[in-house]
Amino acid sequence: MPRAIGIDLGTTNSLVAHVDERNRPQVLEVDGGSRLLPSAVYYDAGGDPEVGAGAKRRAPERPLDTILSVKRFMGRGPGDIRPEDRGIYRFDEAGAVVKLVLNGGTRAVTPIEVSAEILRVLKRSAAEALGGAPGGCVITVPAYFDDAQRQATKDAGRLAGLEVLRLLNEPTAAALAYGLDKRSRGVFAVYDLGGGTFDVSILRLDGGVFEVLSTVGDTHLGGDDFDRLVARKLMQEGLTPVNDAPSPAVLRGAVAAAQKIREELTAHEVVEADVELPEGHRLRARLTRAELEALIQPVVDRTTGPCESALRDANVVKVDGVVLVGGATRTPLVRRHVRRLFGQEPLTDLDPDTVVALGAAVQADALDRGGREDVLLLDVIPLSLGVEMMGGVVEKIIMRNSTIPASATQQFTTYADGQTGMVVHVVQGERELARDCRSLARFTLKGIPPMPAGIARVEITYAVDADGILQVSARELTTGIEQKIQVKPTYGLTEEEVEQMLVESIEHAEEDVTQRFLVEWRVEGDRILGSLESAFGLDGGLLSDAERAAIDERMRGLRDAMAGTDYLAIKAWIESVDAASKAFAERRMDKHIRQAMAGHRVQEFAESIVEHPRATGSKDGDLEDEGT
Amino acid sequence: MRHPTCWSCELELESGTLFCPRCRKIQPVARTEDYFSLLGLQREFALDRADLERRFRELSRVLHPDRFARAEPRERRLSLERATRLNDAFRYLKDWRLRAAYLLKLAGTDVFSEGRTFADPEFLEEQLEWREALALALSDGDVEALRRIARAARARLEGIEAEVGGMFEDDHWFSELPVEIARRLSRARYYDNIVADAERGAAAAGH
Amino acid sequence: MSYSEKLLDHYENPRNVGSLDKGDPDVGTGLVGAPACGDVMKLQIKVNGEGVIEDAKFKTFGCGSAIASSSLVTEWVKGKTVDEALTIKNTDVANELNLPPVKIHCSVLAEDAIKAAVADWQKKHGLAPTVKPDTVQGDRAALLERGVLKSGI
């Protein structure tokens with residue numbers, strides 16, 4: 001069974017999807033039957049983290065220990081985190097990597113670790129659904145994520161034990177999900193308003209080639225902003241007891257209520273709510289759709305600028321279609337806004353909550369199989385890469401919206417006699433001064449042969465790979481030596497740190513997975529045994545005594561294995577029972593078909609036949625040798 | 001002359017081979033390749049845009065790293081290099097200014113040397129007028145005027161493109177005309193700046 | 001490191017912006033451009049009977065360093081003789097403004113502009129030009145060698 005998976009690691013909710021045997025992308029169930037896993041992680045003092053809806057429910061009482069919207073902190077350095085994002089969390093910003101301080105100061109975790117917890121749950125769910133550990137995976141990121149944010153996402157994937165085949169931009173993933181259904185040709189805009197980020201991309205689709213022409217966005221604009229505005233207003237009007245400075249717990253509760261109210265207003269014109277909040281507070285609210293729209297209009301307006309920029313950068317005046325992504329796009333005001341911006345009714349056939357995960361699954365499947373003949377994704381780097389020159393000025397070396405992978409080279413020389421090292425500061429952004437751009441990394445070049453000043457020729461190559469992540473290499477030209485570069489990313493984890501975390505988490509993860517598999521295979525064993533028992537009841541006469549005895553013996557072996565703790569043994573016994581009962585299943589099939597043709601409906605017997613699906617296929621040739 | 005050999009099966013190859021005919025492994029870019037040969041085109045200015053895009057897409061399909069996600073590390077590295085070169089080639093060839101500059105570079109003329117001051121007095125006089133009109137329109141927030149200026153500048157650019165195209169048709173352009181061509185490209189740079197400033201100004205003023 | 005204060009000062013409060021009458025026989029006009037970034041620099045001098053520069057004006061469209069460089073040069077030439085004005089080197093301008101290496105060419109442009117203005121005035125007075133703007137190489141080359149970027153194509 002295909003094992004590659006696609007993951008949408010969202011600000012509010014995360015999903016995992018795969019492409020099934022019939023080539024259809026499907027979202028898998030996680031977290032108790034739902035397809036959406038809230039991106040919430042609760043850290044209980046001294047216990048294991050809890051992820052999902054359960055964790056989210058903890059937020060009102062334990063707001064400091066429940067991390068919501070961790071995506072807003074990924075790849076951010078100290079001092080980078082905006083005041084409105086900090087919310088009520090406490091941070092340790094002493095080191096290069098920011099940490100969240102939890103459990104009264106007894107625990108500190110990086111956003112990467114928090115994201116890894118979410119990814120682990122998705123991985124487990126996929127393993128259960130697919131009957132085995134997933135192979136490669138594709139994780140989506142906002143198109144506008146910079147290098148540090150992407151690297152952090154990749155690190156989180158590694159920490160969760162995933163083989164990340166590619167990072168995929170969310171708008172591109174959405175286009176992929178739509179494009180295959182429609183086999184379209186033309187220029188499309190993807191308007192992606194998620195919980196925390198906004199991306200707009202302009203793509204050209206032609207004969208299966210998805211070429212991104214431009215991408216613009218805002219990594220701090222999303223549905224969460226709607227909820228905060230609504231919560232603030234509702235508290236002003238209907239919070240009892242009146243409280244000018246509500247505690248974090250009360251705030252959380254209000255925001256959660258606001259989100260529900262906002263969602264209700266999509267279908268209804270007026271919503272009244274009477275909600276109990278923590279600490280004895282109560283929120284009585286009445287909100288009309290018109291009032292909601294007045295509140296959120298300024299936020300929605302902020303999406304106009306990026307859309308116009310994207311069209312300009314793409315050299316496009318009119319698009320052939322608009323795709324909507326993200327739950328917040330269900331809001332009627334947003335849809336009207338999009339219609340006005342692009343002059344047409346947006347496409348909404350696919351569920352805006354799942355479309356990104358579906359696209360990721362398609363890409364994962366394609367990569368797993370060495371790429372598809374009919375589909376090709378050409379993405380771009382969203383922000384220019386530049387190097388800080390003396391004087392603090394930035395020299396741009398790779399322009400934004402360049403198709404990736406891309407590279408550029410620069411030549412430097414030394415300033416002092418005998419200089420053997422150099423520091424190169426790489427930034428990302430469009431501003432002229434380095435201090436106004438995002439610092440990506442400082443690369444230290446060592447080992448330049450000592451020469452008089454101005455003689456050495458150091459050639460530095462900057463390469464952006466298909467994930468949008470930067471690699472740097474350097475050569476000294478006069479001597480032709482390829483110098484080793486020590487790379488110190490400004491905000492990421494170093495290789496050693498990631499390795500360490502991996503080591504710490506691996507044992508834990510393996511135990512977990514084993515336990516899950518055990519449960520899964522026991523359930524499967526029960527099913528097989530149960531259906532065979534009832535089959536014996538109906539058609540026992542089809543077997544000779546010897547044949548029956550052989551099957552019984554293997555069923556005994558299976559029951560013994562199920563009582564043990566080795567899931568591989570259970571699996572092996574199931575296969576053995578299968579092989580032994582294959583002939584039996586075939587005879588049953590014959591019998592029932594004859595009966596059907598004699599006037600009985602096959603439907604009556606369909607269920608008992610389907611119970612043993614292995615009878616219908618001849619999957620493993622070598623099992624045929626196992627006689628009955 | 002020594003022929004390159006496949007790094008995987010050691011078959012002797014033609015220079016510039018993309019995939020080894022025997023073992024199908026991707027091969028490195030040859031030192032003699034330039035952006036034109038990479039896309040299978042002649043080294044000339046005239047170019048069919050649709051043809052260029054088609055070639056780019058065909059090659060992307062087989063070279064893109066996504067096709068090598070499960071291949072061995074060396075293949076992945078080579079595909080990354082090849083795809084990068086391909087993207088650079090496409091970027092340079094699809095824009096007439098970059099294409100012209102590239103042709104000049106291949107012929108040995110350094111177009112935009114940092115130290116060279118531009119001596120084109122009549123053109124610069126005109127530029128002063130353009131710039132003053134633009135400054136006036138910007139300070140007035142006159143969107144119509146800004147759009148007019150942008151359109152006029154674009155029309156000039158089209159004219160320069162035609163001039164440059166004509167020059168490259170001369171069989172001996174590389175010995176007789178490189179300076180003239182470089183001058184036209186410099187002029188284009190001025191008009192590009194005007195277009196960008198005018199359009200940005202119009203967008204800003206429109207709000 | 002950031003832009004020097006002097007540079008910012010000349011950029012935000014440029015001195016001597018404006019025009020002189022091109023047709024005036026005492027006015028020399030230098031008009032130069034930098035194709036790499038699309039800068040345009042016009043520098044004019046008014047020279048009196050003793051060969052002393054009485055007034056100077058400039059109009060520059062380009063980046064901050066270009067504006068600052070031309071502003072500085074018009075300040076410097078006032079009160080100098082034509083020959084003294086010809087001794088102004090781009091390195092002086094660059095050092096005074098603390099120009100970052102990537103912006104050195106702006107100071108070069110200013111030096112060429114003043115030389116062109118002087119040459120224009122000399123031509124009007126039937127004098128052979130002392131120096132042709134393009135021929136000043138020396139220092140420029142050395143400065144370019146050190147720490148200036150050449151982006152690979």
Side-chain angles (χ1 to χ4, degrees), chain A residues 4 135-138 163-166 168 176 204-211 301 304-305 307-309 311-313 315 362-381 398-399 401-409 461-467 469 471 473, chain B residues 24-26 29 35 49-50 52-73 75-95 98 114 147 150 154 157 192 195-207:
Chain A
C137 83
V138 165
E163 184 195 351
V164 181
L165 293 173
R166 166 87 64 251
L168 182 61
L176 199 51
R204 192 208 327 251
L205 278 62
D206 186 353
V209 177
F210 292 71
E211 190 186 347
D301 283 342
T304 304
C307 289
E308 290 179 347
S309 271
L311 286 168
R312 227 182 4 252
D313 285 347
N315 233 340
V362 169
Q363 174 71 334
D365 180 58
L367 293 178
D368 206 33
R369 293 200 263 134
R372 302 165 67 123
E373 285 293 332
D374 57 337
V375 170
L376 175 68
L377 281 179
L378 296 175
D379 226 317
V380 300
I381 187 174
I398 298 184
M399 299 302 151
N401 291 319
S402 295
T403 305
I404 53 178
S407 79
T409 55
T461 301
Y462 306 89
V464 179
D465 63 20
D467 288 330
I469 293 179
Q471 308 284 339
S473 61
Chain B
R24 320 287 330 154
K25 297 285 186 191
I26 186 173
V29 181
Y35 289 153
R49 181 59 188 262
L52 173 69
E53 287 188 1
R54 189 183 49 81
R55 284 170 190 270
F56 171 67
R57 259 181 239 139
E58 301 273 313
L59 283 167
S60 288
R61 259 187 239 273
V62 295
L63 292 178
H64 197 270
D66 283 355
R67 298 290 243 126
F68 295 85
R70 289 246 174 263
E72 53 179 286
E75 288 178 283
R76 286 210 299 272
R77 197 173 44 80
L78 287 171
S79 111
L80 191 57
E81 280 171 18
R82 279 253 183 207
T84 303
R85 284 284 285 177
L86 180 65
N87 288 338
D88 285 345
F90 184 55
R91 194 185 356 262
Y92 270 87
L93 297 186
K94 73 176 167 183
D95 182 325
L98 294 174
E114 296 280 343
R147 291 212 182 114
R154 281 193 188 277
L157 282 165
D192 280 326
V195 168
D197 289 346
E199 287 185 347
R200 204 179 318 126
H207 289 287

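For clarity, every value in this text was computed on a predicted model and none was experimentally measured. Just so it is clear: chains get the letters A, B, ... in the order the sequence lines come, proteins before strands, and each one is counted from 1. FYI, side chains are in, hydrogens and waters are out, and symmetry mates aren't considered; it's all heavy atoms of this structure.
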Problem - 4.5 Å side-chain heavy-atom contact, A:Gln363 and B:Asp66 - result: yes
Exercise for the section: Output the residues of residues 79-86 of chain B for which the shortest heavy-atom distance to chain A is under 4.5 Å, in residue-number order; output 'none' if no such residue exists. Expected result: B:Leu80, B:Ala83, B:Thr84
Exercise for the section: To the nearest 0.5 angstrom, please state how far the CD atom of A:Glu211 sits from the CZ atom of B:Arg57. Expected result: 6.5 Å
Handout entry: Residue A:Leu165 versus chain B: region with a heavy atom under 4.5 Å
Key = side chain
Completion exercise
Under 4.5 Å to a heavy atom of chain B? For A:Glu163 that would be side chain
Exercise for the section: Measure the shortest side-chain to side-chain distance between B:Phe56 and A:Leu378 over non-hydrogen atoms and say whether it is less than 4.5 angstrom. Expected result: yes
Handout entry: Listed partners of A:Asp379 passing side-chain hydrogen bond (donor to acceptor under 3.5 Å, both in side chains), at least two apart
Key = A:Asn169, A:Thr172
Problem - Non-hydrogen atoms of A:Val209 and B:Arg61 that approach each other most closely - result: CG2-NH2, 3.8 Å
Handout entry: B:Arg91 CZ to A:Ile398 CD1 distance, which is reported to the nearest 0.5 Å
Key = 7.5 Å
Problem - Contact summary for B:Pro65 and A:Arg166, nearest pair of heavy atoms - result: C-NH2, 3.8 Å
Handout entry: Residue among A:Ala366, A:Ser402, A:Gly136 with most heavy-atom pairs under 4.5 Å to chain B
Key = A:Ser402
